[in-house]
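The block underneath contains the structure these notes are about, expressed in structure tokens.
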Amino acid sequence: MEKERRRLRRRIEGTLFILLLLWIPITHSQSPPRLPLYIHDKEIRVEVAQTPGERSYGLMGRKHLGKDEGMLFIFETEDYHGFWMKDTFLPLSIAFIGKDGRIVWIADMKPLTLDSHVPLGRSSMLWK
């Protein structure tokens, strides 16, 4: 009886371990939600990075970004949010947006650099 319980427990633990191994790549492969963002009459399809994990990972590791595609970083507070290009292979431009929805600063960022890009004035990419 005790041997059967141990076997059953090992099977359950093995099954849970396999499920965990399968679950990790699935959760990391899911990209953040996408939505259309309109600047004047131009539509840009953006992925929304709103959690700390999504914001810290950003577009790192990407080797391709489609025409008129990007990422929108949403912060809960208006502050001096800085960005860098560590492990980011694509040249990017970043627009810092104030809580009123106006662009307050734009910067071009070179791939694979550790230069910090921080807006000149107090601003945020706040869209909540």
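For reference, positions follow the sequence shown, starting with 1.
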Nearest non-hydrogen partners of Arg55 and Phe73, listed with the distance: O-CE2, 3.5 Å
- prompt: Taking a hydrophobic cluster as the set of Ile, Leu, Val, Met, Phe, Trp and Tyr residues connected by side-chain heavy atoms closer than 4.5 Å, whether directly or through intermediates, do Ile74 and Leu37 fall within one such cluster?
  reply: yes
query: Do Phe75 and Trp105 share a hydrophobic cluster (ILVMFWY, side-chain heavy atoms under 4.5 Å, transitive)?
result: yes
task: Before accepting this row, confirm whether a basic side-chain N of the pair Arg62/Glu47 lies closer than 4.0 Å to the acidic partner's carboxylate O.
output: yes
- prompt: Rounded to the nearest 0.5 Å, what separation is found between the OH atom of Tyr57 and the CG atom of Asp87?
  reply: 8.0 Å
- prompt: Which pairs with one or both residues in residues 35-46 pass side chain to side chain donor-acceptor pair (under 3.5 Å), sequence neighbours excluded?
  reply: Tyr38-Glu43, Lys42-Asp68
message: Grouping I, L, V, M, F, W and Y whenever their side-chain heavy atoms are under 4.5 Å apart, do Leu92 and Val104 come out in a common cluster?
response: yes
Using a 3.5 Å cut-off and no angle test, enumerate the donor-acceptor pairs between side-chain atoms of residues 106-118 and protein atoms at least two apart in sequence or in another chain.
unit_1 : atom_1 : unit_2 : atom_2 : d
Asp108 : OD1    : Ser93  : OG     : 2.5
Thr113 : OG1    : Lys110 : O      : 2.9

Heavy-atom side-chain contact between Val46 and Met71 under 4.5 Å: no
- prompt: So do Leu59 and Leu90 actually touch side chain to side chain, heavy atoms under 4.5 Å?
  reply: no
- request: Look at the side chain of Glu69 and the backbone N and O of Leu65, then say whether any donor-acceptor pair between them is shorter than 3.5 Å.
  value: no
- request: Treating Ile, Leu, Val, Met, Phe, Trp and Tyr as nodes and any side-chain heavy-atom pair under 4.5 angstrom as an edge, say whether Ile44 and Leu72 lie in one connected cluster.
  value: yes
